[in-house]
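Taking it in order: structure first as structure tokens, then the write-up.
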Amino acid sequence: MSRTLFKVPTRETGIDADKSVLDKIAKRKKSTSVVTGTPSTISGKIALARKLIESKLGHLRDKFVSITDEQQLIDYIDKAIQNGKCAIDTETASLDTIDGHIAGVCLYTKGMKPAYIPCGHISPMTLVRLKTQLDYDVITRELQRAEDNCVKWLLHNAKFDMHVCYWYLNVLISPFWDTNIAGNLLNENEPHSLKVLWNKYCKEDDDDAQAVKFNTLFEKGIDFRMIPLDLAYLYAAFDALMTWELYEFQEPFLTENNPVCIDMGLTRVSKLWHNIELPEITTVFDMEREGTCIDTKYAKELHDKYTKELTSAEKVVHLEISKVQHKIDRLAVDKPKMYSKLSNPINIGSPTQLAILLYDVLGLTSNDKNSPRGTGEEIILAMNHPIAKAIIAYRKVSKLLSTYIDAIPQQISKRTGKLHASFNQYGAKTGRFSSSDPNLQNIPSKNHDIRKMFIVPEGYVMVGSDYSQQEPRCLAYMSGDESLLDAYRTGKDLYALIASTLYKVPYDECLEFRPDGTKNEEGKKRRNSVKPVVLGIMYGRGSASIAEQMGVSKKEAERVIADFFKHYPKVAQFVMDTQQKARDYGFVETAMGRKRRLPDMQLDEIELTPQITASSNNFNPLFDDEEDDDDVDMNFVPDDIYYKYAAKMRKAWGRKQKDVVKQEALQEGYAIKDNGGKIADAERQCVNSVIQGSSADITKHAMNQLHRDEELKSLGYKLIITVHDEVIGMCPYENRHAVAKRVQQVMVSAAQQIIDVPMKCDVEISYKWYGEEVA
DNA sequence: ACTTGGGGCGCC
DNA sequence: AAAGGGCGCCCCAAGT
């Protein structure tokens, strides 16, 4: 692998260390810890950590090792190379992998003691780096030697440690396994922290080794570099051991020809793991490492502009409030409790205060039965009160300012001057990415102001590429509906085609533009009105909701939906089959075989629990003694009773009627737990998981292909952002045309390696996100 | 002082 | 009768 390293990073000596640490020292004189018993001084926290570590991990003192001798490390790496595998984990001062500090590296390979190699530890008193640790250069050299000798690195949450090794030790790690992501593939419905997984799947002895969470040993915000070396290794080395053991547990499940894998029906999942998710780790790591440029000067201008807007929006609201000051005064007398919750001036950002203002002061009513005191946009605007628009305007500006304009520049790395957001590869249970710190997947798109903050370096252009109708194409493929597939194969506009069949109007009359290029408002209307139907089916929406989206009556929507299913019968079949599969097996699968387990699909409609109360019909004083419990199944429910109430609950419409049935059952001595809601939720998730998850399969595969494409590599193309059906990269200005062409080819071919439907991909070249196109 | 849950809202 | 899939972040209010 010929990935270029940057120049040797500057390393902290520790002397100029964290301002936050100094702050804490300064603060400690002021703070009192008497009340809570929680130590607030550094030395107090360390003393507590010592006590806890010694009691919980003291027995590991001789089983683990702290490496501070060069030859010892060389021997360790020799063994790792000999074994061909090594678990690695890193400890850091904070969760910041770029502007923070490393504390040490944990290693484990079979035949050796789990090891901690401290390197960034400092004296809590003087903040000077401890001299008893190996030099950074030695650790870098040895890790690089292992990497060069193709050691298969086992990690948990690999991307984090890859960043740490890269930014603080200048070593690029090639991950061989990630127990976090693998864990998600094996069961997305469980917590995936290393300790929890290890305790659940690997711990052999209840009393002996017990994985202890960081938070239980260390006070919040403690800098691991200050933990003394004789303690640090007891906690840290365990992580590498746990990662190794968890890998050994997971490996058979995700190895294609292993009987365990076959028996568990994980063959396709294992392929997904090796062919997409595992390579994706490096793809995403490199993407995050590259980061995004932010136009900070422009951000400042935006700050000024929107701050002014916020102030004026606030004024408008308060002007409206001042008009009803007399009513507020009256509230002080009528409902003092309510009044006391109001600040002066009223905080528009507080839902509580806003609700009091709208419902108690102004006496307005909500149009939403489900939230009688709601303050959401729809409810407020429906009130038709002059204050409504002002509140919404204030909210809009406030959101933009606090979530984007002000927050994003703050997260720019001091070290690189770029924004290095996180892209969480298994952020969603469907397999989709999520993004955080900051979330680059919810940057406003209609308002171009914010997106224009995202720029590229001098001499570069931004290359945005997005799949056109990715999810509907997945629906066409997964359902195998010929009419739907035909629409894409003949290159027709899907929505126009659907509108044409549903409204029995010629196809050409359902397009936004006529052949001569002029706008056809009627056509646009028809086309847009069927979008909610397709989307609704993919989201598992009901007819009422679709009707609202379409702007027609519920009846009309039902007719259109029924018509849709009539014309696209395999879509209807697909929805039913998908749900039935989930009921039978407890999961659904994407195009690549990614699983979404939906255990709620296998719930009984209702659960009956016998109520042993004096008033109930089945009360029997003889069974009231606890000794009798052994022989009697206290939860026994006759079948006929179950079916009787299941049927009654099914027929009962609305909460009121259901409550009546529940009361009736209670009289007969049974408490009903209604699972109807959970099952309905799961039913909606079935189809959506398949479509959303298959789309994720495609985008992830495309990202890997783009990342590894030799032509794109030589053209200097780099990924920087992904937003579900969209991949954003950059390249040198002069290569823009070649890159655009190639990106499109790769995106389309990647999709077609997964779904057999023609795919369309639009590529745009610009200098900034949503900037004007560059020719 | 810090965490948690809810409301609200930005995106696909 | 009502029925919206998947996220993360902001703020507030209440709980520890």
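Chain identifiers are assigned alphabetically (A, B, ...) following the order of the sequence lines, protein sequences preceding nucleic acid strands; residue numbering begins at 1 within each chain.
- Put simply, CD on Q441(A) is 11 Å from P on dC9(C), counting in whole angstrom units.
- Counting distance only, with no hydrogens placed and no angle test, the side-chain atoms of R432(A) and the base atoms of dC12(B) include a donor-acceptor pair under 3.5 Å.
- At a threshold of 4.0 angstrom between heavy atoms, the contacts of Q685(A) are confined to the sugar-phosphate backbone, with no base atom among them.
- As judged by a 4.0 angstrom heavy-atom cut-off over every strand, A680(A) is placed among residues making no nucleic acid contact.
- You'll find that the side chain of R596(A) is closest to dG6(C), out of dG6(C), dG10(B), dC9(C).
- For K399(A) against dC9(B), a side-chain-to-base donor-acceptor contact under 3.5 Å is present.
- Look at CD1 on I392(A): it is 10 Å from C1' on dC9(B), rounded to the nearest Å.
- The side chain of R541(A) contributes no N or O atom lying less than 4.0 Å from OP1 or OP2 of dA3(C).
- No contact: Q657(A) has no heavy atom under 4.0 Å from any strand.
- Between S545(A) and dG4(C) there is a side-chain N or O to OP1 or OP2 distance below 4.0 Å.
- Residue-level contact check: G374(A) touches the backbone only, with heavy atoms under 4.0 Å from sugar-phosphate atoms and none from bases.
- Atom name P, nucleotides dG8(B) and dA3(C): the rounded distance is 15 Å, in whole Å.
- One interatomic measurement links the two molecules: CG of D681(A) to C1' of dG5(C), which rounds to 11 Å at whole-angstrom precision.
- Residue-level contact check: D437(A) touches the backbone only, with heavy atoms under 4.0 Å from sugar-phosphate atoms and none from bases.
- A salt bridge is absent between D659(A) and K656(A): the closest approach of a Lys/Arg side-chain nitrogen to an acidic carboxylate oxygen does not fall below 4.0 angstrom.
- The aromatic rings of F224(A) and F214(A) are tilted relative to each other, their planes meeting at an angle between 30° and 60°.
- In this structure, R451(A) reaches the sugar-phosphate backbone alone: every heavy-atom distance under 4.0 Å involves primed, P, OP1 or OP2 atoms, never a base.
- OP1 and OP2 of dC9(C) both lie 4.0 Å or more from every side-chain N or O belonging to N442(A).
- In this structure, K700(A) is positioned above the aromatic face of Y426(A), its NZ or CZ under 6.0 Å from the six-membered ring centre and within 45° of the axis.
- Residues D360(A) and R373(A) are paired through a salt bridge, judged by an N-O separation under 4.0 Å between the basic side chain and the carboxylate.
- By the 5.5 Å and 30° criteria, Y539(A) is stacked with the base of dG5(C).
- Side-chain N/O atoms of S402(A) include none lying less than 4.0 angstrom from OP1 or OP2 on dC9(C).
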